[in-house]
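Report on the following structure.
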Amino acid sequence: MDTSDKLRMDIIERKKVEEKLRKVEEEWQRTFDAMVDPIMILDTSHRIIKANKAMADKLGVAPSEAEGLTCYKSVHGTNEPPPFCPHAELLDDGQPHAVEIEEPRLGGYLLVSVSPIRDSEGKLCASIHYARDITERKNAEEALRESEQRFRAIFDSAGDGILLADPENRNFSLGNKWICKMLGYAPDEIKNLSVRDIHPTEHLPYVSEQFERMAREDITLAKDIPVKRKDGSVFYADIRSSSLTLAGKMCLMGIFRDVTERKQADAELHRRLDELERFTKETIQREFRVRELKDKVARLEEELRKKA
């Protein structure tokens with residue numbers, strides 16, 4: 001093979017390699033542009049080396065037009081990187097970083113992460129900047145937060161004590177302000193309590209039976225249940241129950257109404273009724289004895305009158 005033939009073969013091989021590289025680059029570009037999340041490659045001066053179609057669309061330019069733009073000017077409209085910029089942090093320590101941001105220019109909330117790109121000598125030369133739209137998730141979180149706030153406001157403003165319990169282990173997960181006042185525990189202490197901690201030991205078998213019936217929804221009201229305070233004193237409550245699901249887990253909600261005064265009033269009423277009944281019986285017996293005595297006197301008078 002002469003020199004010209006060898007040169008021709010080299011050219012053919014080089015063209016094959018170039019064609020393979022072109023196809024690889026085209027394939028990479030198609031893959032890069034097919035990604036639905038905005039992605040760009042940034043140099044150490046915050047300039048865009050490459051942006052996929054999703055990122056270019058966010059910036060309102062063609063992918064080729066994005067190249068060379070300064071990221072913080074194009075994305076945030078500022079003259080310097082914002083304080084939360086993960087790319088700036090990466091340039092400072094060479095480590096990956098991630099941050100959640102709200103950027104109206106990009107359509108809402110984003111989870112932005114950056115990872116370092118190093119050259120063959122291990123020197124930091126760029127980063128890949130990846131943004132995932134989390135607007136829907138953030139809106140859902142905000143809606144949940146507002147819902148929880150409304151629930152908490154209603155929960156704490158209730159005039160009765162409320163406890164949420166796990167039907168399986170009978171541990172409490174939440175209590176409102178009124179039940180804390182009724183029991184004498186702080187809100188954080190409630191989470192460390194269970195059914196066995198707030199009822200007198202001698203009444204636990206009966207209380208446990210009522211709890212099980214409530215969990216099975218056999219009953220929704222247990223009356224005159226003895227409840228033990230933190231200081232050991234006892235009051236009585238009517239407990240109304242219902243089931244609800246929180247964070248995907250079923251809970252048993254108990255609404256406690258202090259009926260101690262009513263129970264005391266009932267006890268006083270029964271005491272008075274017992275006294276009245278006893279007094280009535282004694283009065284009747286006394287009247288009966290008086291009548292017997294009068295009848296006896298009358299008979300004696302009649303006998304004396306006849307003898308006279």
Are [Y] and [X] connected into the same hydrophobic cluster when the rule is that any two of I, L, V, M, F, W, Y join if their side-chain heavy atoms are below 4.5 Å apart?
| X | Y | value |
| --- | --- | --- |
| V195 | I198 | yes |
| L90 | V112 | no |
| I117 | Y130 | yes |
| L42 | I101 | yes |
| I219 | L252 | yes |

For atom CZ of R196, decide whether the heavy atoms of other residues, nucleotides or ligands shown that lie under 6.0 angstrom number more than 12. no
Using a 6.0 Å cut-off, check whether atom CD of E136 has over 12 heavy atoms from anything other than its own residue. no
Short side-chain to backbone donor-acceptor contact, D133 and P38, under 3.5 Å: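 Answer holds: no.
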Working for side-chain contact (heavy atoms from CB on, under 4.5 Å), residues D166 and K249: CA-CA 9 Å; D166 185 323; K249 185 174 180 59; 3.1 Å; yes
Mind checking whether [X] and [Y] have side chains closer than 4.5 Å, heavy atoms only?
| X | Y | answer |
| --- | --- | --- |
| R137 | E100 | yes |
| R118 | L124 | yes |
| F235 | L183 | yes |
| M182 | I179 | yes |
| P226 | Y236 | yes |
| D197 | N192 | no |
| I239 | I255 | no |
| V75 | H129 | no |

Residue pairs, two or more places apart or on separate chains, that pass salt bridge (charged side-chain N to carboxylate O under 4.0 Å, His left out) and touch [range]:
| range | answer |
| --- | --- |
| residues 172-182 | none |
| residues 60-69 | K50-E67 |
| residues 229-246 | E189-K230, D238-R262 |

Applying side-chain contact (heavy atoms from CB on, under 4.5 Å), run through M214 and T220 and close with a yes or a no. CA-CA 6 Å; M214 287 178 170; T220 59; over 6 Å; no
Distance-only donor-acceptor hits, side chain of residues 206-213, under 3.5 Å, sequence neighbours excluded:
{"from": "S208", "atom 1": "OG", "to": "R170", "atom 2": "NH1", "distance (Å)": "3.0"}
{"from": "S208", "atom 1": "OG", "to": "L204", "atom 2": "O", "distance (Å)": "2.9"}
{"from": "E212", "atom 1": "OE2", "to": "R170", "atom 2": "NH2", "distance (Å)": "2.6"}

Taking all atoms of both residues into account, what is the closest heavy-atom pair of [X] and [Y], and its distance?
| X | Y | answer |
| --- | --- | --- |
| C251 | P167 | CA-CD, 4.2 Å |
| I48 | A66 | CB-O, 3.4 Å |
| A126 | I49 | CB-CD1, 4.0 Å |

Inter-residue atom distance [X].[atom1] - [Y].[atom2], 0.5 Å rounding:
| X | Y | atom1 | atom2 | value |
| --- | --- | --- | --- | --- |
| E142 | Y109 | CD | OH | 7.0 Å |
| S74 | L69 | OG | CG | 4.0 Å |
| T135 | E102 | OG1 | CD | 8.0 Å |
| H97 | S113 | NE2 | OG | 11.5 Å |
| C180 | L163 | SG | CG | 8.0 Å |
| S173 | M253 | OG | CE | 11.5 Å |

With a 3.5 Å cut-off and sequence neighbours excluded, list the donor-acceptor pairs that the side chains of residues 52-59 form with protein atoms.
{"from": "N52", "atom 1": "OD1", "to": "I39", "atom 2": "N", "distance (Å)": "3.0"}
{"from": "N52", "atom 1": "OD1", "to": "M55", "atom 2": "N", "distance (Å)": "2.9"}
{"from": "N52", "atom 1": "ND2", "to": "F32", "atom 2": "O", "distance (Å)": "3.2"}
{"from": "N52", "atom 1": "ND2", "to": "M35", "atom 2": "O", "distance (Å)": "3.4"}
{"from": "N52", "atom 1": "ND2", "to": "D37", "atom 2": "O", "distance (Å)": "3.0"}
{"from": "K53", "atom 1": "NZ", "to": "D57", "atom 2": "OD2", "distance (Å)": "3.0"}
{"from": "K58", "atom 1": "NZ", "to": "L106", "atom 2": "O", "distance (Å)": "2.8"}

Anything under 30° is parallel, anything over 60° is perpendicular, the rest tilted; go ahead and classify Y72 against H46. perpendicular
Counting only pairs under 3.5 Å, give me each side-chain donor-acceptor contact of residues 79-88, with atom names and distances, residues two or more places apart or in other chains.
{"from": "H87", "atom 1": "ND1", "to": "S127", "atom 2": "OG", "distance (Å)": "2.8"}
{"from": "H87", "atom 1": "NE2", "to": "D43", "atom 2": "O", "distance (Å)": "3.0"}

